[in-house]
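Accompanying notes for the structure given below.
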Amino acid sequence: MSQTYGAPADKSSACSFGGAAAASGYTSGGAGYASHAAPTAGDSFQAAVDAGTALFQTSLDRTFGTQQPMPVTGELPMKWYTFNVMFALWISALLSGLMGIASIAGTQYGAFSELYYTYFGGLQIIDIIFGAASVALAVITVYVRQELAHYKRVAPTHFMALPVLNFALSVLDLVVSFIFGSELSAGIGILSIIPLAISGGFTILYLYLNKIYFDKRAHLFCR
């Protein structure tokens with residue numbers, strides 16, 4: 001692959017913003033467009049995504065504060081950005097997709113899948129729900145990767161939403177285990193609470209570091 005990712009070669013395409021919320025193109029008021037035509041289902045979905053993005057960006061700004069973007073003329077290291085665009089997000093999407101398909105099909109249990117589903121009541125429902133959510137996350141990850149690669153205005157916000165979605169998926173798996181699972185799966189779920197709490201702590205740290213990183217490069221994401 002001959003294309004190299006980094007800061008846009010055309011410095012004139014970079015923009016200056018007054019903060020991370022402005023860099024994302026959103027305000028707490030909602031979507032940044034208006035239409036006199038009757039909204040379609042696609043418009044409603046996009047409006048919901050815009051509103052969710054605005055709310056998430058505002059939450060990040062209030063929780064971690066904002067960093068002023070670096071001067072447009074300055075050269076910024078983009079290794080973390082390049083690593084994610086060229087490798088990490090592809091691998092993450094692939095693993096999520098494969099894990100989701102395996103969970104839906106029950107192949108993670110090998111030849112004992114029928115035995116597991118017969119013995120542990122509700123386990124198949126858990127696996128199908130978790131698998132479908134994992135496949136959806138894989139699709140979202142690829143979409144966010146494309147946004148980052150093309151320096152879309154909302155790309156950093158959506159990128160930082162990915163670890164939150166991953167953590168939410170783990171919480172969903174735990175909750176569904178309690179609701180539909182057997183006593184054994186519920187017991188295993190209880191043992192998962194401490195690792196889940198540790199994962200939540202690392203997610204917060206990851207968000208903080210990425211918030212600083214992308215705030216300083218906010219002027220690059222303006223397409």
In the hydrophobic clustering that connects Ile, Leu, Val, Met, Phe, Trp and Tyr at side-chain heavy-atom distances below 4.5 Å, which members other than Trp90 occupy its cluster, ordered by chain and number?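 Traced through the cluster, Trp90 reaches Val142.
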Taking Ser59 for the side chain and Leu55 for the main chain, is one N or O donor matched with an acceptor at less than 3.5 Å?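 Judged by distance alone, yes, a pair lies under 3.5 Å.
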Given 3.5 Å as the limit, does a donor-acceptor pair link the side chain of Tyr213 with the main chain of Tyr81, or not?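 Between the backbone of Tyr81 and the side chain of Tyr213 there is a qualifying donor-acceptor contact (under 3.5 Å).
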If I take atom [atom1] from residue [X] and atom [atom2] from residue [Y], how far apart are they, to the nearest 0.5 angstrom?
{"X": "Leu205", "Y": "Asn210", "atom1": "CG", "atom2": "CG", "answer": "9.5 Å"}
{"X": "Leu89", "Y": "Glu147", "atom1": "CG", "atom2": "CD", "answer": "11.0 Å"}
{"X": "Thr141", "Y": "Leu162", "atom1": "OG1", "atom2": "CG", "answer": "4.5 Å"}
{"X": "Gln46", "Y": "Thr40", "atom1": "CD", "atom2": "OG1", "answer": "10.0 Å"}
{"X": "Thr82", "Y": "Leu148", "atom1": "OG1", "atom2": "CG", "answer": "10.5 Å"}
{"X": "Ser92", "Y": "Ile140", "atom1": "OG", "atom2": "CD1", "answer": "11.0 Å"}

Nearest atoms (heavy-atom pairs only) where Ala93 meets Ala138: O-CB, 3.2 Å
Taking side-chain hydrogen bond (donor to acceptor under 3.5 Å, both in side chains) as the test, write out the residues that go with Asn166, two or more places apart.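 Once residues adjacent in sequence are excluded, Asn166 has no partner under the side-chain hydrogen bond (donor to acceptor under 3.5 Å, both in side chains) criterion.
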Go through the structure and list residues passing side-chain hydrogen bond (donor to acceptor under 3.5 Å, both in side chains) with Glu114, not counting sequence neighbours.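 None.
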Side chains of Arg145 and His158 in contact at under 4.5 Å (non-hydrogen atoms): no
side-chain contact (heavy atoms from CB on, under 4.5 Å) against [X], all qualifying residues, sequence neighbours excluded:
{"X": "Ala132", "value": "none"}
{"X": "Ala161", "value": "Phe56"}
{"X": "Val139", "value": "none"}
{"X": "Leu98", "value": "Leu94"}

Hydrophobic cluster membership, [X] vs [Y], 4.5 Å side-chain cutoff:
{"X": "Val164", "Y": "Met160", "result": "yes"}
{"X": "Phe83", "Y": "Phe221", "result": "yes"}
{"X": "Ile128", "Y": "Val135", "result": "no"}

Can you sort out the partners of [X] under ring-ring contact (aromatic ring centres under 6.0 Å, His included), two or more places apart, ordered by chain and number?
{"X": "Phe45", "value": "none"}
{"X": "Phe159", "value": "Phe214"}
{"X": "Phe64", "value": "Tyr208"}

Tell me the side chain to side chain donor-acceptor pair (under 3.5 Å) pairs involving residues 98-113, sequence neighbours left out?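 Qualifying pairs: Gln108-Asp127, Tyr109-Asp127.
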